[in-house]
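As structure tokens, the structure follows; a few thoughts come after it.
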Protein chains: 2
Amino acid sequence: MANQDIHREWASRIRGQEGSEPLAESVVEILDCAALCFTETGFQGTSIDDVARRLGATKGRIYHYFRSKTDLFFEVHREGMKRLMGAVIEAKSAGGTGRETLQRMVEAHALTMMQNVAYEAVVVQGVHLHRLSATTPEQRVILDELMDVRHRFEQMFVEVFEAAQADGSARQDADTSLAVKGMLGAVNWMAIWYRPRQDDSLETQQAMARNLATLQVEGIG
Amino acid sequence: MANQDIHREWASRIRGQEGSEPLAESVVEILDCAALCFTETGFQGTSIDDVARRLGATKGRIYHYFRSKTDLFFEVHREGMKRLMGAVIEAKSAGGTGRETLQRMVEAHALTMMQNVAYEAVVVQGVHLHRLSATTPEQRVILDELMDVRHRFEQMFVEVFEAAQADGSARQDADTSLAVKGMLGAVNWMAIWYRPRQDDSLETQQAMARNLATLQVEGIG
DNA sequence: GTCTATAGGCTGATAGAC
DNA sequence: GTCTATCAGCCTATAGAC
């Protein structure tokens with residue numbers, strides 16, 4: 001079962017244990033097309049036939065790998081979160097003052113958003129996951145898990161912010177939760193306006209990520 | 001025709017000319033219910049029957065006032081933008097340095113988001129308006145108009161930012177467009193996480209808006 | 001102005017051939 | 001593993017009674 005493989009891989013990745021088998025090529029192809037469709041027309045606006053058409057196939061292929069449209073959406077979301085988590089965890093582990101670490105995390109977050117717009121736009125949509133009215137018990141388990149990762153993702157930023165307050169590199173009077181929601185909002189919003197251009201080199205993207213992160217951490221003054 | 005009335009009122013409001021007739025009570029009732037439904041379950045996820053049920057009526061009533069579901073969505077979006085525009089234009093007109101003005105605008109934006117979550121969540125969804133594949137020529141006109149307001153809204157912030165750079169109250173090296181997209185993202189994101197609570201007094205909301213605006217303008221250091 | 005009834009189209013999911 | 005065929009349900013929009 002493809003779902004379970006992905007689940008296992010992702011779960012171990014979060015725990016910091018690498019070394020799970022990569023996704024099968026056929027699954028990745030489907031996920032890529034699904035991510036694009038969901039990004040362009042939303043969950044309810046995308047039909048399985050749309051995804052199949054983009055894939056150059058029919059829905060038989062998709063239903064062979066995914067039990068339902070909801071499951072498909074979940075897997076795209078999961079993959080998007082995996083990439084975000086991986087990038088931010090790495091940025092967090094490099095050391096420096098709390099504020100420096102926070103800036104690196106925001107920058108990594110922003111760069112990952114740009115390099116995976118389709119997947120991350122689905123993650124942003126997924127904020128409204130309750131909308132999907134996940135009904136089956138299995139889906140509810142996956143849903144709870146996804147919400148949990150979202151929460152832990154945000155919490156990582158809060159912790160580092162508090163560390164920054166403790167080491168004197170961030171203002172003491174700030175509401176850390178609100179500040180983090182603001183920063184993450186500024187970055188997540190990229191999923192809505194940013195679309196890669198032909199002339200977007202890696203350097204361009206890195207520069208944008210750095211600029212945005214600096215503005216969020218240092219302000220405009 | 002209700003649509004046209006609303007259109008006229010809104011258009012004159014944007015031009016700064018008040019004094020158009022207020023919306024009919026029956027229309028407001030429908031818009032309120034529609035805003036809640038669209039916010040909770042999205043455009044495609046909301047059926048006209050859902051809105052009617054919330055309204056305590058049947059869809060006959062809704063189709064009497066709105067030609068289509070898309071038109072209904074447009075009107076909610078329009079009303080949401082009207083409220084945002086009104087608040088930010090007022091904040092912009094008060095004077096002070098560019099940076100002070102900008103902070104007041106962000107604060108007003110944030111407060112309006114909190115006080116009209118349902119409408120503003122629809123506005124945020126509307127960023128993907130092309131998804132609705134507005135087909136009729138009339139709808140395309142409305143769509144173009146809405147996109148235009150969005151653009152002018154953002155442009156107001158860019159102008160004030162540049163004024164702040166000119167009067168020395170903002171850093172010269174900042175990419176104004178990116179900075180504004182960041183700030184607006186931080187505030188727009190409220191539509192996703194903020195939901196009013198019982199104990200949310202006006203003072204509480206104002207304090208949150210002020211905190212968020214300060215963090216966005218001054219940074220965390 | 002609001003309701004009921006219904007037409008007509010699309011979509012998620014399944015069954016079974018190859 | 002992939003495709004074709006198909007069903008059953010839901011949803012937009014309209015027509016016409018009251």
Side-chain angles (χ1 to χ4, degrees), chain A residues 1-6 23-34 37-38 40-76 122 125 129 131-139 142-143, chain B residues 1-6 23-34 37-38 40-76 129 131-139 142-143:
Chain A
M1 190 75 263
N3 281 6
Q4 293 178 359
D5 288 346
I6 302 171
L23 300 183
E25 180 58 32
S26 16
V27 173
V28 174
E29 267 182 309
I30 298 177
L31 287 180
D32 283 347
C33 292
C37 288
F38 288 141
E40 289 171 7
T41 49
F43 177 76
Q44 290 98 344
T46 300
S47 75
I48 297 284
D49 278 318
D50 291 335
V51 181
R53 199 173 310 123
R54 183 162 226 144
L55 196 57
T58 62
K59 40 184 168 193
R61 181 128 126 226
I62 295 170
Y63 278 107
H64 179 71
Y65 292 98
F66 297 91
R67 219 183 296 268
S68 72
K69 183 174 150 184
T70 303
D71 280 311
L72 180 56
F73 185 90
F74 281 163
E75 295 308 328
V76 176
V122 171
Q125 271 185 62
L129 276 180
R131 283 183 189 173
L132 300 179
S133 61
T135 37
T136 75
E138 292 164 347
Q139 286 180 351
I142 301 183
L143 184 58
Chain B
M1 189 74 263
N3 282 4
Q4 293 178 0
D5 288 347
I6 302 171
L23 300 183
E25 180 58 31
S26 16
V27 172
V28 175
E29 268 182 307
I30 297 177
L31 288 180
D32 284 346
C33 292
C37 288
F38 288 142
E40 289 171 7
T41 49
F43 177 75
Q44 289 98 344
T46 300
S47 76
I48 299 285
D49 279 319
D50 291 335
V51 181
R53 200 173 309 126
R54 184 163 225 145
L55 196 58
T58 62
K59 42 184 165 194
R61 181 130 123 225
I62 294 171
Y63 277 107
H64 178 71
Y65 292 99
F66 298 91
R67 219 183 295 267
S68 71
K69 182 175 150 183
T70 304
D71 280 311
L72 180 55
F73 185 90
F74 281 163
E75 294 309 328
V76 175
L129 276 180
R131 283 182 188 172
L132 299 179
S133 61
T135 37
T136 75
E138 291 164 347
Q139 285 180 350
I142 302 183
L143 184 57

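Every heavy atom of this structure was used, including side-chain atoms; hydrogens, water molecules and symmetry mates were not.
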Polar pairs (N or O, both sides) under 3.5 Å between protein and nucleotides 9-12 of chain D?
unit_1 : atom_1 : unit_2 : atom_2 : d
D:dT12 : OP1    : B:T46  : O      : 3.2
D:dT12 : OP1    : B:K69  : NZ     : 2.9
D:dT12 : OP2    : B:I48  : N      : 3.0

Using atom names, set out every protein N or O paired with an N or O of nucleotides 16-18 of chain D below 3.5 Å, distance rounded to 0.1 Å.
none

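Between B:V76 and B:F43, the closest side-chain pair of non-hydrogen atoms is not below 4.5 Å. Side-chain contact check for B:Q139 versus B:S68: some heavy-atom pair is nearer than 4.5 Å. In this structure, B:T70 and B:T136 have side chains that are not in contact, with every pair of non-hydrogen atoms separated by 4.5 Å or more.
When the P atom of D:dA15 is taken as reference, atom NE2 of B:H64 falls 15 Å away, rounded to whole Å. The separation between B:E29 atom CD and C:dT2 atom P is 9 Å, rounded to whole Å. Atom CD1 of A:I62 is separated from atom C1' of C:dT11 by 13 Å (rounded to the nearest Å). Distance, A:R61 CZ to C:dA15 C1': 20 Å, rounded to whole Å. Between the CZ atom of A:F66 and the C1' atom of C:dG12 there is a distance of 16 Å, given to the nearest Å.
Counting all heavy atoms, side chain and backbone alike, A:V51 lies closest to A:I30 at CG1-O, 4.4 Å.
Applying the salt bridge (charged side-chain N to carboxylate O under 4.0 Å, His left out) test to B:E40 and every residue at least two apart in sequence or in another chain returns B:R54.
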Practice task
Give the C-alpha distance, both sets of side-chain angles, the deciding distance and a yes or no for side chain to side chain contact (heavy atoms under 4.5 Å, CB included) between A:T46 and A:F73.
Solution key: CA-CA 10 Å; A:T46 300; A:F73 185 90; over 6 Å; no
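Rounding to the nearest 0.5 angstrom, the gap separating the CG atom in A:L55 from the CD1 atom in A:I48 is 11.0 Å. For the atom pair B:C33 SG and B:R53 CZ, the distance stands at 12.0 Å (nearest 0.5 Å).
Each of A:T70 and B:T58 has a nearest nucleotide on DNA chain C; the 5'-most of these lies closest to B:T58.
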